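The structure appears right after this line, and notes come after that.
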Amino acid sequence: MHRIKKLPRTFYEREDVVNISRELIGKVLVTELDGVRTSGRIVETEAYAGHGDKASHAYGGRRTARTEVMYGRGGTAYVYLCYGIHHLFNVVTHGRDTPHAILIRGIEPMEGVEVMLERSGKKVFDRTLGRGPGNVSKALGIDTVHTGTSLLGAEIYIADDGFSFAPGEIEASARIGVDYAGKDALLPYRFSVKGHAHVSGKPSRT
DNA sequence: ATACCGATTAACT
DNA sequence: GTTAATCGGTATA
């Protein structure tokens, strides 16, 4: 039985959100809601570097009821609704008053596949389960009521099960859907496992 | 109060 | 490759 270690507060409360973003690739995102446990390995992430990052909701120090969570401690969930339909799950990093966050964009389903299929309204397992940020939340049962939830608690957390991808399997690229961010849209803040089926976008070639 | 828009997805042509 | 769906957040008055 492999041992699973929940990531500690110190993992999240560090300065370099981009680096943390890369480190999250290969970790396991777990939700345990209403006694039902579902999990998946993170294969795609994007870093949002707070006030200095035009693509971030907290750009320029913007602070509203929605983004308030990002100004809290590292190790907190920031969930919001996009396009009125999709719940996007983010991990808040850095300490108080520095609104860094990491969007989880893709997971490879592990435990509770049946439940995830049901939540996603799918009949059979395929690559779209857990592929793309909206689908990640749907599969894991995360929605906006979970914003502000501590990742050190029992409901939602990220763990290290000892597995890791080889450095060469992880690639950096520009973030998705942030064209409005000008030059910040070009920053290589997106990390993904090369050619992995549960990474959004076209299959990457080597 | 009202108006515009989005860290997307799925279903089209 | 293109586009409709859909509604809370944010800005503006």
Side-chain angles (χ1 to χ4, degrees), chain A residues 12 17-18 20-22 24-25 29 40 42-72 74 76-94 98-109 116-149 151 156 158 171-192 196-203:
Chain A
Y12 303 104
V17 65
V18 177
I20 298 171
S21 191
R22 186 192 297 107
L24 280 178
I25 300 287
L29 175 58
I42 298 170
V43 295
E44 186 181 359
T45 62
E46 276 181 7
Y48 286 85
H51 63 275
D53 180 358
K54 231 176 158 181
S56 171
H57 290 161
Y59 174 61
R62 195 167 24 160
R63 189 165 185 158
T64 65
R66 176 177 68 154
T67 62
E68 185 60 32
V69 179
M70 283 201 280
Y71 290 83
T76 305
Y78 168 47
V79 185
Y80 76 96
L81 192 62
C82 188
Y83 289 90
I85 310 169
H86 309 291
H87 298 272
L88 272 53
F89 172 75
N90 302 251
V91 174
V92 176
T93 69
H94 209 298
T98 304
H100 288 178
I102 298 168
L103 172 66
I104 306 300
R105 296 186 52 89
I107 59 165
E108 172 193 325
M116 291 195 262
L117 284 173
E118 193 180 329
R119 284 173 179 155
S120 304
K122 297 179 191 301
K123 298 242 183 327
V124 295
F125 175 89
D126 69 8
R127 59 161 46 199
T128 65
L129 185 66
R131 179 177 184 264
N135 289 330
V136 167
S137 306
K138 205 154 54 161
L140 294 174
I142 295 170
D143 92 54
T144 52
V145 306
H146 297 111
T147 200
T149 301
L151 299 179
I156 304 174
I158 298 174
E171 67 181 342
S173 54
R175 292 171 293 185
I176 308 290
V178 295
D179 303 342
Y180 60 84
K183 65 173 171 48
D184 287 345
L186 304 174
L187 294 169
Y189 282 5
R190 171 173 177 244
F191 296 96
S192 57
H196 193 287
H198 293 271
V199 169
S200 64
K202 295 176 211 163

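What you see below is based on every heavy atom in this structure, not just the backbone, and it leaves out hydrogens, waters and symmetry mates. Here the structure is a predicted model, which is why all the values come from computation and not from measurement. Order of the sequence lines sets the chain letters (A, B, ...), proteins ahead of strands, with each chain counted from 1.
- Each of A:Val178, A:Ile102, A:Val17 was evaluated against A:Tyr48; a single residue qualifies, A:Val178, per the side-chain contact (heavy atoms from CB on, under 4.5 Å) test.
- Residues from residues 172-192 of chain A with heavy atoms under 4.0 angstrom of DNA chain B, sorted by number: A:Ile176, A:Gly177, A:Val178, A:Tyr180.
- Around the CZ atom of A:Phe89, the shell of radius 6.0 Å holds more than 12 heavy atoms that belong to other residues, nucleotides or ligands.
- Not a single ring-ring contact (aromatic ring centres under 6.0 Å, His included) links A:His146 to another residue, sequence neighbours left out.
- Scanning for side chain to side chain donor-acceptor pair (under 3.5 Å) contacts around A:Asp126 gives A:Thr128, with sequence neighbours left out.
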Verdict with supporting geometry, A:Phe191 and A:Leu24, side chain to side chain contact (heavy atoms under 4.5 Å, CB included): CA-CA 9 Å; A:Phe191 296 96; A:Leu24 280 178; over 6 Å; no

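- Side-chain N or O atoms of A:Ser192 include none that pairs as donor or acceptor with a backbone N or O of A:Val199 at under 3.5 Å.
- By the side chain to side chain donor-acceptor pair (under 3.5 Å) test, A:Asp53 pairs with A:Arg175, sequence neighbours left out.
- Pairs passing the salt bridge (Lys or Arg N to Asp or Glu O under 4.0 Å) check and including a residue from residues 57-68 of chain A, sequence neighbours excluded, read A:Arg63-A:Glu68, A:Arg63-A:Asp97.
- Taking A:Tyr80 as the reference, A:His57, A:Tyr78 meet the ring-ring contact (aromatic ring centres under 6.0 Å, His included) condition, with sequence neighbours excluded.
- The distance from atom OH of A:Tyr59 to atom C1' of B:dG6 is 17 Å, rounded to the nearest whole Å.
- Going from atom CG of A:Asp126 over to atom P of B:dT9 covers 14 Å, rounded to whole Å.
- To the nearest 0.5 Å, the span separating CG on A:Asp184 from OH on A:Tyr189 amounts to 7.5 Å.
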Polar atoms only, N or O, under 3.5 Å: list the protein pairs with nucleotides 9-13 of chain C and their distances.
from	atom 1	to	atom 2	distance (Å)
C:dG9	O3'	A:Arg66	NE	2.9
C:dT10	OP1	A:Thr64	OG1	2.9
C:dT10	OP1	A:Arg66	NE	2.8
C:dT10	OP1	A:Arg66	NH2	3.3
C:dT10	OP2	A:Thr64	OG1	2.7

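- Following rounding to the nearest Å, A:Leu129 (CG) and B:dA10 (P) show an atom-to-atom distance of 11 Å.
- Looking only at distances, no side-chain donor or acceptor of A:Arg119 sits under 3.5 Å from a matching main-chain atom of A:Lys138.
- A:His51 places no side-chain N or O within donor-acceptor distance of the main-chain N or O of A:Tyr59, the cut-off being under 3.5 Å.
- Residues passing the side chain to side chain donor-acceptor pair (under 3.5 Å) test with A:Lys54, sequence neighbours excluded: none.
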With 3.5 Å as the limit, what N/O pairs link the protein to nucleotides 4-6 of chain C?
from	atom 1	to	atom 2	distance (Å)
C:dT6	O2	A:Tyr83	O	2.7

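- Looking only at distances, a side-chain donor or acceptor of A:Thr67 sits under 3.5 Å from a matching main-chain atom of A:Thr64.
- When the C1' atom of B:dG6 is taken as reference, atom NZ of A:Lys54 falls 16 Å away, rounded to whole Å.
- Note: CD (A:Glu44) to C1' (B:dT9) measures 14 Å, nearest angstrom.
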Atom pairs, N/O to N/O, protein against nucleotides 1-4 of chain B, distance under 3.5 Å?
none

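- We find the NE2-CZ distance between A:His198 and A:Arg127 to be 7.5 Å, quoted to the nearest 0.5 Å.
- Atoms NZ (A:Lys122) and C1' (B:dA11) sit 13 Å apart, rounded to a whole Å.
- The salt bridge (Lys or Arg N to Asp or Glu O under 4.0 Å) check on A:Glu46 picks up A:Arg105, with sequence neighbours excluded.
- DNA chain C contains the following stems of three or more consecutive Watson-Crick or G-U pairs, with both distances under 3.5 Å: B:1-6 with C:7-12, B:8-12 with C:1-5.
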